[in-house]
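Heads up, the thing below is written out as structure tokens.
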2 protein chains.
Amino acid sequence: MADPVSGGERISDAEHAVMEVLWHRAPLTANEVASAVAEGRGWSLATVKTLLSRLVAKQAVMTQPDGKRFLYSPALARTDYLGGESKRLVERLFGGRAAPLFAQLAEAEALSEADIAEIEALLKTLRREAGR
Amino acid sequence: MADPVSGGERISDAEHAVMEVLWHRAPLTANEVASAVAEGRGWSLATVKTLLSRLVAKQAVMTQPDGKRFLYSPALARTDYLGGESKRLVERLFGGRAAPLFAQLAEAEALSEADIAEIEALLKTLRREAGR
DNA sequence: CGTAGTCGATTACATCTGTAGACGATAGGT
DNA sequence: ACCTATCGTCTACAGATGTAATCGACTACG
């Protein structure tokens, strides 16, 4: 069976930008989404509508009627999406091991002081959980 | 001018599989690459040749003549590629912060014991370097 | 009641990607 | 000097993606 909700269809880069808007605030009309996403990207309203349609088709966004128009909301949790994408990358590039990813980021100087501190804290928590 | 080597053109998923072969062993003929990559993927020789051509066009692979044929070698370091891709993901999905990525992987249970240990060790090293 | 604006839906089209067949040069065997 | 196997190159084509115009339905103003 095709999975009902989470990792169904692939969400593209442009679509992701739209999701990001909806994760930030929802429900929104197509116009609101367009305005929000327009900052930075120079997309026309038509483009945003297309992206919304595709997302609805992929069941990543759900609609609810509001008079003559729709209100759009995410049907996919941001956490699920991020988790899936992260896992995909680790799978594809690092044979499923997260440690090399980390080493890579370190080498590419993509780790800030704050990152390191946070990760450290996270590790501590993880070890506590694993321990008990 | 188009940048000379590193982060130039985007390398696709299928192309990446070919790069992986060349990173493992090079230089290789198209046939050798095809055999190597064929395990798992069911690609025809023609397909692999196309991918090699595209990689050459993208300057991710370099050729050296060997009689009537070519020997292919990576022109892009694996490290650079991995670093670039990792950074792209972190940028795109986590606003450039690596820590949330880790939180995400942890949540998705994509962190093994070994991963955690390795990351811990790496952190120690990093802090030492940063300290001095 | 008609007309203009607004929506979502449909259609469009270039580029990229995955996948592969066809073609032309050529080297090696006979 | 041929024929054939082998290369790399060119061409092909379907599906995904980025980007947008157009269309048909409906609403609201006048």
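Chain letters run A, B, ... following the sequence lines, proteins first, then strands; residues in each count from 1. Values reported hereafter were calculated over all heavy atoms of this structure, with side chains retained and with hydrogens, waters and symmetry mates removed.
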Q: Using a 4.0 Å heavy-atom cut-off across all strands, classify B:Ser44 as base, sugar-phosphate, or nothing.
A: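 Sugar-phosphate contact only - B:Ser44 comes under 4.0 Å of backbone atoms but never of a base.
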I'd like a table of donor-acceptor pairs (distance under 3.5 Å, sequence neighbours excluded) in which one partner is a side-chain atom from residues 15-23 of chain B, with atom names and distances.
| residue | atom | partner | partner atom | Å |
| --- | --- | --- | --- | --- |
| B:Glu15 | OE1 | B:Ser12 | N | 2.8 |
| B:Glu15 | OE1 | B:Lys58 | NZ | 2.7 |
| B:Glu15 | OE2 | B:Lys58 | NZ | 3.0 |
| B:His16 | NE2 | B:Glu20 | OE1 | 2.7 |
| B:Glu20 | OE2 | B:Arg78 | NE | 2.7 |
| B:Glu20 | OE2 | B:Arg78 | NH2 | 3.2 |
| B:Trp23 | NE1 | B:Leu76 | O | 2.8 |

Q | salt bridge (charged side-chain N to carboxylate O under 4.0 Å, His left out) between A:Glu85 and A:Arg10, intermediate numbers included | A | CA-CA 10 Å; A:Glu85 287 300 298; A:Arg10 187 101 200 82; 2.6 Å; yes
Just the rounded figure in Å: distance from [atom2] of [N] to [atom1] of [X].
{"X": "A:His16", "N": "D:dG18", "atom1": "NE2", "atom2": "P", "answer": "12 Å"}
{"X": "B:Glu32", "N": "D:dG8", "atom1": "CD", "atom2": "P", "answer": "11 Å"}
{"X": "A:Trp43", "N": "D:dT17", "atom1": "CH2", "atom2": "C1'", "answer": "11 Å"}
{"X": "A:Asp13", "N": "C:dT15", "atom1": "CG", "atom2": "C1'", "answer": "15 Å"}
{"X": "A:Arg41", "N": "D:dT17", "atom1": "CZ", "atom2": "P", "answer": "14 Å"}
{"X": "A:Leu55", "N": "C:dA9", "atom1": "CG", "atom2": "C1'", "answer": "16 Å"}
{"X": "B:Glu9", "N": "C:dT15", "atom1": "CD", "atom2": "P", "answer": "14 Å"}
{"X": "A:Met19", "N": "D:dT17", "atom1": "CE", "atom2": "C1'", "answer": "17 Å"}

Q.
It should be established whether B:Ser12 places a side-chain nitrogen or oxygen under 4.0 Å from OP1 or OP2 of nucleotide C:dG18.
A.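 The answer is yes; a side-chain N or O of B:Ser12 sits under 4.0 Å from OP1 or OP2.
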Q) What pair of heavy atoms forms the shortest contact from B:Ala26 to B:Ser73, and how long is it? A)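 Answer, listing the atom of B:Ala26 first, then B:Ser73: CB-CA, 4.1 Å.
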Q. If every non-hydrogen atom of A:Gln59 is compared with every non-hydrogen atom of A:Ala75, which pair is closest and at what distance?
A.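 For A:Gln59 and A:Ala75, the tightest heavy-atom pair comes out as O-CB, 3.7 Å.
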Q | From CA spacing to verdict: salt bridge (charged side-chain N to carboxylate O under 4.0 Å, His left out), B:Arg25, B:Glu32 | A | CA-CA 10 Å; B:Arg25 194 157 57 84; B:Glu32 291 169 329; 5.2 Å; no
(Q) Using a 3.5 Å limit for the pairing distances, which stems of at least 3 consecutive Watson-Crick or G-U wobble pairs does DNA chain D take part in? (A)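 The stems that DNA chain D takes part in, listed by first number, are C:1-30 with D:1-30.
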Q. Should B:Arg97 and A:Glu118 count as an ion pair when the cut-off is N to O under 4.0 Å?
A.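 Judged by the 4.0 Å cut-off on N to carboxylate O distance, B:Arg97 and A:Glu118 do form a salt bridge.
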Q) According to the side chain to side chain donor-acceptor pair (under 3.5 Å) rule, which pairs have a member within residues 104-114 of chain B, sequence neighbours left out? A)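 Side chain to side chain donor-acceptor pair (under 3.5 Å) check on residues 104-114 of chain B returns B:Ser112-B:Asp115.
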Q.
In the structure I gave you, are the side-chain heavy atoms of B:Ser86 and A:Phe94 within less than 4.5 Å of one another anywhere?
A.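 A side-chain contact exists here, since the closest heavy-atom pair is under 4.5 Å.
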Q.
Apply side-chain contact (heavy atoms from CB on, under 4.5 Å) to residues A:Leu51 and A:Trp43 and explain how you reach the verdict.
A. CA-CA 11 Å; A:Leu51 293 174; A:Trp43 289 336; 3.7 Å; yes
Q. Sequence neighbours excluded, which residues qualify as side chain to side chain donor-acceptor pair (under 3.5 Å) partners of B:Asp13?
A.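 Testing B:Asp13 for side chain to side chain donor-acceptor pair (under 3.5 Å), a comparison that skips the adjacent residues, returns A:Arg92.
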Could you pull out the protein-nucleic contacts involving nucleotides 4-7 of chain C (nitrogen or oxygen on both sides, under 3.5 Å)?
| residue | atom | partner | partner atom | Å |
| --- | --- | --- | --- | --- |
| C:dT6 | O2 | A:Lys68 | NZ | 2.5 |
| C:dC7 | OP2 | A:Asn31 | ND2 | 2.7 |

Collect all protein-nucleotide pairs involving nucleotides 11-15 of chain D in which both atoms are nitrogen or oxygen and the distance is under 3.5 Å.
none

Q | B:Leu71/B:Thr29 under side-chain contact (heavy atoms from CB on, under 4.5 Å): CA gap, chis, key distance, verdict | A | CA-CA 5 Å; B:Leu71 296 181; B:Thr29 67; 3.5 Å; yes
